[in-house]
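Input: a single structure, listed below in structure tokens.
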Amino acid sequence: MLDDTLIQQLAAELDQSERSRVPLEHFSRRFPGMTIDDGYRVGRAWVAQQVAGGKKVIGHKIGLTSRAMQMASQIDEPDFGTLLDSMLFTAPAGQVLQIPAARFIAPRVEVELAFVLKAPLQGAGVSVQDVLAATEYVTPAIEIIDARIEQFDRHTKVMRKVFDTISDNAANAGIVIGEGDPRYRADPHTTDLPWCGAVLRQNGAVEETGLAAGVQGHPAIGIAWLAHKLAPWGESLQSGQIVLAGSFTRPVAAKAGDLFEADYGPLGCLKFQFV
């Protein structure tokens, strides 16, 4: 287990990486005895530093929700991170949202659903039905993931380990949601959430398609899981928070100039461009 001084140091390194847009070497390579718990401690220390600097927590994200990704990461459950107000981008309906590419190191785009809560969720007993009852609406959402810890080791070319990803706030760097279209607010009780799907186009070409059933069978399962995982830390999901349920497509690399369209059919469409 890493000591508290080192945890704070690594969190500060992540903060500097985000500011300089220069990725860090793998923590797991520098500290081979690092554990998943250490990773969460680093991520939480980084969030605490951001909050101390004036940023606000607006929700949470769940990652590694597919079985294939868990196997590739050699874990048997998802991971999670924190959403801050500085990460939120809002796309007006029918318009192309411009996102500054210079804010990121190596951005990639994932297609998801987000749950906007109207009541808190806390404890190990939270069920899928509890999640649906506590949800004001479900909305199309794009997660922008990044690599403040480099994706591939600069020396060995080995992919980063789950300890690195968790330390790096589960790789979260941004979230895009829509406004101005009533379709963006799907009723969690009358919408067949596993069958919600999307087509992701990049510069006019279809890059990814998927169904929300790819997120553990039902996107609300991850929300319940997260409530369970936060309980030992004395934390809970709060009313008004946004919770990203997990991607149902592979990540798509983005660069300046790339135009994206995420078409969710009856749930509306999000358009954004990295500039």
same_hphob_cluster(I105, I142) at 4.5 Å side-chain heavy-atom cutoff: no

So with a 6.0 Å cut-off around NZ of K56, is the heavy-atom count from everything else above 12? no

Give me the atom names and distance for the closest heavy-atom approach of A133 to K118. O-CE, 3.2 Å

Determine, stepwise, if the pair Q238 / L117 fulfils side-chain contact (heavy atoms from CB on, under 4.5 Å). CA-CA 7 Å; Q238 297 296 312; L117 302 182; over 6 Å; no

Sub-4.5 Å side-chain heavy-atom contact between V57 and Q241: yes

Identify the two heavy atoms, one from C269 and one from E261, that lie closest to each other, and give their separation to 0.1 Å. SG-CG, 3.3 Å

Check this for me: does any side-chain nitrogen of one of R148 and E13 sit under 4.0 Å from a carboxylate oxygen of the other? no

Check whether any side-chain N or O of Q273 sits under 3.5 Å from a backbone N or O of Q98 as a donor-acceptor pair, and report yes or no. no

Does G178 offer a backbone N or O that forms a donor-acceptor pair with the side chain of T90 under 3.5 Å? no

Distance alone, cut at 3.5 Å: any donor-acceptor contact between the side chains of D168 and T165? no

Strictly distance-based, threshold 3.5 Å: is any side-chain N or O of Y40 a donor or acceptor partner for the main-chain N or O of D79? no

Proximity of Y137 and Y184 rings by center, below 6.0 Å: no

Assess whether side-chain contact (heavy atoms from CB on, under 4.5 Å) is satisfied between Q202 and E208, documenting all intermediate values. CA-CA 9 Å; Q202 182 181 27; E208 284 294 314; over 6 Å; no

Validation row: T156, R29 side chains within 4.5 angstrom (heavy atoms): yes

Compare every heavy atom of P23 with every heavy atom of S17, then report the nearest pair and how far apart it is. OG-CA, 3.8 Å

Within the 4.5 Å heavy-atom criterion, are L10 and R30 side-chain neighbours or not? yes

Within a 6.0 Å radius of atom CH2 on W233, are there more than 12 heavy atoms belonging to other residues, nucleotides or ligands? yes

Checking the side chain of D15 only, and the main-chain atoms of A12 only, is there a donor and an acceptor separated by less than 3.5 Å? no

Contact summary for R103 and S86, nearest pair of heavy atoms: NH2-O, 2.8 Å

Under a 4.5 Å cut-off applied to non-hydrogen side-chain atoms, are V126 and L237 in contact? no

Please answer: with hydrophobic residues joined when any side-chain heavy atoms are less than 4.5 Å apart, are I145 and F80 in the same cluster? no

Could you walk me through whether L267 and L113 satisfy the side-chain contact (heavy atoms from CB on, under 4.5 Å) test, starting with their C-alpha distance in whole Å, then the side-chain angles of each, then the deciding distance to 0.1 Å, before giving a yes or no? CA-CA 10 Å; L267 270 61; L113 293 176; 4.1 Å; yes

Residue pair T35 / M1, side-chain heavy-atom distance below 4.5 Å: no

Counting only heavy atoms from other residues, nucleotides and ligands, does the tally under 6.0 Å from CZ of R154 exceed 12? yes

Exam field: side chain S247 to backbone T249, donor-acceptor pair closer than 3.5 Å: yes

In short, I242 meets A114 closest at the heavy-atom pair CG2-CB, 3.8 Å

Sub-3.5 Å donor-acceptor pair from the side chain of H26 to the main-chain atoms of I149, do we have one? no

Are L121 and I221 co-members of a hydrophobic cluster defined by side-chain heavy atoms under 4.5 Å apart? yes

Min side-chain heavy-atom separation H155-E25 under 4.5 Å: yes

Contact check, side chains of K229 and I62, non-hydrogen atoms, under 4.5 Å: no

Let me check something: do F163 and F31 share a hydrophobic cluster, defined by ILVMFWY side-chain heavy atoms less than 4.5 Å apart, either directly or through other members? yes

Between NE2 of H189 and OG1 of T135, what distance do you get to the nearest 0.5 Å? 7.5 Å

Given side chains that start at C-beta, do those of F104 and I99 come closer than 4.5 Å, heavy atoms only? yes

Reported CD-to-CG distance for the pair E150 and L24, which is rounded to 0.5 angstrom: 8.0 Å

Any chance you could lay out the side-chain contact (heavy atoms from CB on, under 4.5 Å) test for M87 and Q50, step after step, and finish with the verdict? CA-CA 12 Å; M87 301 171 176; Q50 303 307 302; over 6 Å; no

Under a 3.5 Å distance rule, please check whether D146 uses its side chain to pair with a backbone N or O of A106 as donor and acceptor. yes

Hey, any chance L230 and I223 share a hydrophobic cluster, counting ILVMFWY side chains that come within less than 4.5 Å of each other, even indirectly? yes

Taking atom CD1 of I166 and atom CG of D37, what is their separation to the nearest 0.5 Å? 9.5 Å

Check for a donor-acceptor pair, side chain of D164 on one end and backbone N or O of S28 on the other, with a separation under 3.5 Å. yes

Look up atom CG in L84 and atom CH2 in W46, then write down how far apart they are to the nearest 0.5 Å. 5.0 Å

Find the distance between CG (L200) and OG1 (T209) and round it off to the nearest 0.5 Å. 9.5 Å

Considering all heavy atoms, the nearest P107-I144 contact: CB-CG2, 4.0 Å

So, applying side-chain hydrogen bond (donor to acceptor under 3.5 Å, both in side chains) with E235, which one of H60, R44, Q122 is it? R44

Just by distance, do the side chain of K61 and the backbone of A170 share a donor-acceptor pair under 3.5 Å? yes

Looking at D38 and R41, is there a salt bridge between them, counting it only when a charged N and a carboxylate O are closer than 4.0 Å? yes

Give the ring-plane orientation class for F274 versus F260, where under 30° counts as parallel, over 60° as perpendicular and anything between as tilted. perpendicular

Rounded to the nearest 0.5 Å, what's the gap from CG on L14 to CD on Q9? Could you check? 11.0 Å

